[in-house]
There are 2 protein chains.
Amino acid sequence: MAQAIPIRKNSPLKASCHQCSLSNLCLPLAIEENELERLEDIVQQGRIFNRGEHIFDQSTPFRSCFAVKSGSIKTSIITEGGDEQVTGFFMPGELVGLDSMSGESYACTAKALERTSVCEFPIEKLEELTGKMPELQHHMYHLMSQEIQNSHQLAMLLSKNTAEERIAALLLSLSSRFQRRRLSPTNFSLPMARNDIANFLGLAVETVSRVFTRFQNQGLIRARGREVELLDVEALQTVTREFSRQGCQ
Amino acid sequence: MAQAIPIRKNSPLKASCHQCSLSNLCLPLAIEENELERLEDIVQQGRIFNRGEHIFDQSTPFRSCFAVKSGSIKTSIITEGGDEQVTGFFMPGELVGLDSMSGESYACTAKALERTSVCEFPIEKLEELTGKMPELQHHMYHLMSQEIQNSHQLAMLLSKNTAEERIAALLLSLSSRFQRRRLSPTNFSLPMARNDIANFLGLAVETVSRVFTRFQNQGLIRARGREVELLDVEALQTVTREFSRQGCQ
DNA sequence: CGTCCAAATTGATCCATATCAACCTCGTAC
DNA sequence: GTACGAGGTTGATATGGATCAATTTGGACG
């Protein structure tokens, strides 16, 4: 069980972005069908992590970015004091590691929230490729810029909004990300624990719990453990006021 | 006075990064002396803004990134409700606009905090150039990644730290940025108002004021208006606990 | 040199959320 | 099935910083 599924042969599996259902979300979306092979050439596919396993941590030398294929990932910064700050949740089609492209080691720790498979993009090869493919380079700038914006939105949430507003914003963000993947935007299962939500949003677990039940009593959501149903999206949007955009990853 | 100084001729001045004292901080730091010309070819130099003038705002179509040459810039997001969230302060040698590379318009509003001159990098030309110059591309990734990290640090500050810790962290960040420019790290003048500090750090102005006087009474700093002297850097670092790195831009 | 307005400081009070504590629930192991 | 422990919920209390209000300072300008 602790044993990894032996999916990796000696030579890593060549990825087939062509067949991947996420190709319209992930890096391939930036490039033409006929150029896809060049990306496939550098990708290593098929690494699988069990819940709780680290994809990398802050002492790992930075080598690669990772695209989530299935499952989900939590990134966080661990301080010397042992405090943790969750910096993001990553779902299928999203790219992890963009915050680490300025140092020798990863800038954060990435942990699988459930059984998760990823595609690995070795950074040197990726940079080489983006140098040759302007659309891909443009897309990388786009993604990184978006991550800056997400983080600014989070900062805004943390400094200006109440507990209810923060949680409503998170629920809506998750909702729209499920929708992008053609899954139900109103009926999904949270990949993360209350604890992670609390940490991410700068709240105490107890507060998160209370807000969930309050929302439930007001008929905005129905929640049983990690199972969530959004009953009144409009009202949630009203709660968040200025956070209708996709914000807050 | 409202009239701009007529430094811009019909054809914009060609920049001379060669002679610029900031070339070891700004984009030129990434490239070889003999390739500098290619960067100079695309830069427009010499735009000057008076205190309070906008370099761009959220309705401006995104065309360029800007390097601060002298003075300083505040960026902020203005919500529909009119709320403002300051997202960063930018000092000479730093690049503004990296968060806007994923949309049609700028993602934030940039305002000169004092008389400020900037160099303009038209984004299309810059992307074209980074496609041809791997080191420059690498440096762009580096800068964007760093901005993500800064923003994460800010989020951390906002969600986990007390008013005192936040302010100490900001003072130390400014200090190290002055030091990079070979200015005094202990004796400088704040480019921003208390109000901007408060907004940036998610505090009320009154709280900022109180912490400043408390620090003063404890002998950590000496402050008269915007003039600040750090008397006990060690102690300030202790206050911030886990924020010794350059964090929090 | 006085006037005026924005910025900054100081004081008093209040509130949202943290904290502390107890209890419940559910999945897993035996 | 029963026991156990982590995760989640609920209640009672404490508190850091927001808010409201009043005052002071300082810079721009006539």
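Per chain, numbering begins at 1; letters A, B, ... match sequence-line order.
Screening residues 204-213 of chain B for side chain to side chain donor-acceptor pair (under 3.5 Å), with sequence neighbours left out, gives no hits.
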Output a table of nitrogen or oxygen pairs between the protein and nucleotides 25-28 of chain D separated by less than 3.5 Å.
unit_1: D/dG26; atom_1: OP1; unit_2: B/R224; atom_2: NH2; d: 3.2

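Backbone-only contact: A/A163 has heavy atoms under 4.0 Å from sugar-phosphate atoms and none from a base.
Considering only residues two or more places apart in sequence or on other chains, A/E229 meets the side chain to side chain donor-acceptor pair (under 3.5 Å) condition with A/R222. The side chain to side chain contact (heavy atoms under 4.5 Å, CB included) search around B/S64 returns B/F66, B/Y106, B/E120, B/P122, not counting sequence neighbours. Legend: residues meeting side chain to side chain contact (heavy atoms under 4.5 Å, CB included) with A/E227, ordered by chain and number and at least two apart, are A/S189. Checked against side chain to side chain contact (heavy atoms under 4.5 Å, CB included), B/A168 has the following partners two or more places apart in sequence or in another chain: B/F215, B/L236, B/V239, B/T240. Under the side chain to side chain contact (heavy atoms under 4.5 Å, CB included) criterion, B/V96 pairs with B/F56, B/V68, B/I73, B/T75, B/F90, B/A110, not counting sequence neighbours. Qualifying side chain to side chain donor-acceptor pair (under 3.5 Å) partners for A/S102, counting only residues two or more places apart in sequence or in other chains: B/S145, B/Q149. Qualifying side chain to side chain donor-acceptor pair (under 3.5 Å) partners for A/R214, counting only residues two or more places apart in sequence or in other chains: A/E164. With sequence neighbours excluded, the residues forming a ring pair (Phe, Tyr, Trp, His ring centres under 6.0 Å) with A/F188 are A/F178, listed by chain and number.
The CG-C1' distance, from B/N161 to D/dG17, rounds to 14 Å in whole Å. One interatomic measurement links the two molecules: CZ of A/R51 to C1' of C/dG27, which rounds to 10 Å at whole-angstrom precision. Atom pair B/Q216:CD and C/dA8:P shows a separation of 15 Å (rounding to whole Å applied). Counting to the nearest Å, the P atom of C/dA18 and the CG atom of A/L158 are 11 Å from each other. Look at CZ on A/R166: it is 12 Å from C1' on C/dA18, rounded to the nearest Å. Rounded to an integer number of Å, the gap from B/D196 CG to C/dA7 C1' is 11 Å. Put simply, CG on A/L203 is 11 Å from P on C/dT19, counting in whole angstrom units. Per the geometry, CZ belonging to B/R214 stands 10 Å off C1' belonging to D/dG17, to the nearest Å.
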Revision key, fill the gap. For nucleotides 4-10 of chain D, 5' to 3', base contacts (B), sugar-phosphate-only contacts (S) and non-contacts (-) with protein non-hydrogen atoms under 4.0 Å give ----SBB

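Across its full length, the helix from C/dC1-D/dG30 to C/dC30-D/dG1 shows an angle of 40° between the axes of its 5 terminal pairs at either end, rounded to 10 degrees.
For the pair B/M156 and A/T79, the minimum side-chain heavy-atom distance is below 4.5 Å. Between A/N199 and A/S76 the shortest side-chain heavy-atom distance does not fall below 4.5 Å.
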